[in-house]
A.B. asks: 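A single structure is presented below for examination.
Numbering starts at 1 and runs along the sequence shown.
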Amino acid sequence: LQYLQYGLLNNLPSTFFDDITSTDLLELEIEKVPEPNLSAFLFVMDICVEVTNNSTMNQMTVKRMGNIIGPYLYKDKDKERNQQLKPILARFCAIAIEWRKTDY
């Protein structure tokens with residue numbers, strides 16, 4: 001994800017992530033992500049679920065995974081805006097991981 005020119009969710013407005021505060025809201029809004037980005041995003045979230053399901057062994061909690069993966073999901077051209085988005089994207093990613101866990 002780090003080496004992608006654009007984040008998987010770059011076709012969404014940066015304000016999209018502010019509005020997602022629960023798994024229920026994500027369920028309603030996820031359809032706004034177009035293919036093939038949606039499939040790639042879901043694949044990444046499924047890997048995150050696998051990793052966090054083993055958190056007792058690897059210490060990788062949902063929150064920690066969100067902090068690591070979240071900032072790579074959306075890359076703004078403005079570096080200052082990227083810094084502002086980091087905690088929002090981390091929270092969004094953690095919510096997305098929890099949402100995908102319901103499918104397991």
Side-chain angles (χ1 to χ4, degrees):
L1 292 176
Q2 179 179 357
Y3 298 109
L4 292 176
Q5 184 176 4
Y6 301 103
L8 289 177
L9 305 177
N10 259 47
N11 47 0
L12 300 170
S14 64
T15 55
F16 172 84
F17 307 102
D18 292 322
D19 298 334
I20 305 300
T21 56
S22 71
T23 56
D24 292 336
L25 289 173
L26 180 59
E27 180 77 35
L28 294 172
E29 299 294 323
I30 197 69
E31 65 190 37
K32 292 181 179 176
V33 180
E35 289 293 347
N37 295 32
L38 177 60
S39 292
F41 171 71
L42 295 176
F43 180 73
V44 169
M45 291 301 102
D46 288 345
I47 293 170
C48 291
V49 167
E50 291 291 325
V51 172
T52 59
N53 280 346
N54 293 298
S55 64
T56 55
M57 292 187 324
N58 63 23
Q59 303 299 309
M60 189 56 69
T61 63
V62 170
K63 184 176 180 178
R64 286 181 180 169
M65 185 63 76
N67 288 334
I68 293 167
I69 300 295
Y72 296 110
L73 296 176
Y74 186 91
K75 299 174 186 175
D76 199 288
K77 292 177 185 173
D78 180 2
K79 289 186 180 193
E80 186 176 320
R81 180 65 177 145
N82 273 332
Q83 289 301 317
Q84 294 170 348
L85 284 171
K86 274 187 178 182
I88 296 166
L89 290 167
R91 185 194 71 220
F92 170 82
C93 187
I95 290 169
I97 294 167
E98 291 293 347
W99 172 68
R100 289 303 285 175
K101 280 188 176 203
T102 61
D103 289 346
Y104 274 75

A.B. asks: Measure across Tyr74 and Asn82 and return the closest heavy-atom pair with its distance rounded to 0.1 Å.
C.D. replies: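 For Tyr74 versus Asn82, the nearest heavy atoms are O-OD1, 4.1 Å.
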
A.B. asks: How long is the span from the CE atom in Met45 to the CE atom in Met65, to the nearest 0.5 Å?
C.D. replies: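 Met45 atom CE to Met65 atom CE measures 8.5 Å (nearest 0.5 Å).
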
A.B. asks: Give a yes or no on whether Leu89 and Ile30 share a hydrophobic cluster (residues Ile, Leu, Val, Met, Phe, Trp, Tyr; joining criterion: side-chain heavy atoms under 4.5 Å apart).
C.D. replies: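 Yes.
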
A.B. asks: Can you name the residues that form a side-chain contact (heavy atoms from CB on, under 4.5 Å) with Ile68, not counting sequence neighbours?
C.D. replies: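 Checked Ile68 against side-chain contact (heavy atoms from CB on, under 4.5 Å); matches are Met60.
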
A.B. asks: Considering only heavy atoms from C-beta outward, does the side chain of Cys48 approach that of Ile69 to under 4.5 Å?
C.D. replies: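 Result yes, sub-4.5 Å side-chain heavy-atom pair found.
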
A.B. asks: Tyr72: what forms a ring pair (Phe, Tyr, Trp, His ring centres under 6.0 Å) with it, not counting sequence neighbours?
C.D. replies: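 Here no residue qualifies.
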
A.B. asks: Please say yes or no: joined through hydrophobic side-chain contacts below 4.5 Å, possibly via intermediate residues, are Leu1 and Val51 part of one cluster?
C.D. replies: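 Yes, it is one cluster - the side chains of Leu1 and Val51 are joined through contacts under 4.5 Å.
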
A.B. asks: Against Ile20, only a single residue in Leu28, Ile88, Ile95 fulfils side-chain contact (heavy atoms from CB on, under 4.5 Å); can you say which?
C.D. replies: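 Only one option passes, and that is Ile95.
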
A.B. asks: Determine which pairs satisfy ring pair (Phe, Tyr, Trp, His ring centres under 6.0 Å) with at least one residue from residues 46-67, sequence neighbours left out, and list them in order.
C.D. replies: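 Matches after skipping sequence neighbours: none remain.
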
A.B. asks: Where the side chain of Arg100 meets the backbone of Phe43, is there a donor-acceptor pair that is under 3.5 Å apart?
C.D. replies: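 It does not hold such a pair.
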
A.B. asks: Provide the closest heavy-atom pair for Pro71 versus Gly66 in the form atom of the first, atom of the second, distance.
C.D. replies: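 Nearest heavy atoms, Pro71 then Gly66: CD-O, 3.9 Å.
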
A.B. asks: Indicate if Phe17 and Leu4 have the same hydrophobic cluster label, given that clusters are the connected sets of ILVMFWY residues with side-chain heavy-atom separations under 4.5 angstrom.
C.D. replies: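 Yes, Phe17 and Leu4 fall within the same hydrophobic cluster.
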
A.B. asks: Would you please name every residue forming a side-chain contact (heavy atoms from CB on, under 4.5 Å) with Thr61, sequence neighbours left out?
C.D. replies: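 With sequence neighbours excluded, Thr61 shows a side-chain contact (heavy atoms from CB on, under 4.5 Å) to Lys63, Arg64, given in chain and number order.
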
A.B. asks: For Pro87 versus Gln83, what's the shortest heavy-atom pair and its separation?
C.D. replies: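 Result for this residue pair: CD-O, 3.7 Å.
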
A.B. asks: Please, which pairs that meet side chain to side chain donor-acceptor pair (under 3.5 Å) have at least one residue in residues 14-26, sequence neighbours excluded?
C.D. replies: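 Checked against side chain to side chain donor-acceptor pair (under 3.5 Å) - neighbours excluded - the pairs reaching residues 14-26 are Ser14-Arg81.
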
A.B. asks: For Asn67 and Ala90, indicate whether the former's side chain and the latter's backbone hold a donor-acceptor pair under 3.5 Å.
C.D. replies: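 Looks like no, no N/O pair under 3.5 Å.
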
A.B. asks: Is it the case that more than 12 heavy atoms not belonging to Glu80 sit under 6.0 Å from its CD atom?
C.D. replies: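 Counting other residues, nucleotides and ligands, CD of Glu80 stays at 12 neighbours or fewer.
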
A.B. asks: Which atoms form the tightest heavy-atom contact between Asn11 and Leu8, and what is the distance?
C.D. replies: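 Nearest pair, atom of Asn11 first, then Leu8: OD1-O, 4.1 Å.
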
A.B. asks: Donor-acceptor pair, distance only, cut-off 3.5 Å: does the side chain of Lys75 make one with the backbone of Gln2?
C.D. replies: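 Flag set: sc Lys75 to bb Gln2 pair under 3.5 Å.
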
A.B. asks: Apply side-chain contact (heavy atoms from CB on, under 4.5 Å) to residues Lys101 and Val62 and explain how you reach the verdict.
C.D. replies: CA-CA 10 Å; Lys101 280 188 176 203; Val62 170; 3.8 Å; yes

A.B. asks: Run the side-chain contact (heavy atoms from CB on, under 4.5 Å) test against Gln5 and tell me which residues pass, sequence neighbours left out.
C.D. replies: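 Not a single residue meets the side-chain contact (heavy atoms from CB on, under 4.5 Å) criterion with Gln5.
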
A.B. asks: Evaluate Phe92 against Phe16 for side-chain contact (heavy atoms from CB on, under 4.5 Å), listing each step before the verdict.
C.D. replies: CA-CA 10 Å; Phe92 170 82; Phe16 172 84; 3.9 Å; yes

A.B. asks: To the nearest 0.5 Å, tell me how far Gln59 CD sits from Thr52 OG1.
C.D. replies: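 If I round to the nearest 0.5 Å, the distance is 13.0 Å.
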
A.B. asks: For a 4.5 angstrom cut-off between non-hydrogen side-chain atoms, does Glu50 reach Asp46?
C.D. replies: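 Answer no - side chains too far apart.
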
A.B. asks: Keeping the roles fixed (side chain from Asn37, backbone from Leu9), state whether a donor-acceptor pair exists under 3.5 Å.
C.D. replies: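 No: the side chain of Asn37 does not pair with the backbone of Leu9.
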
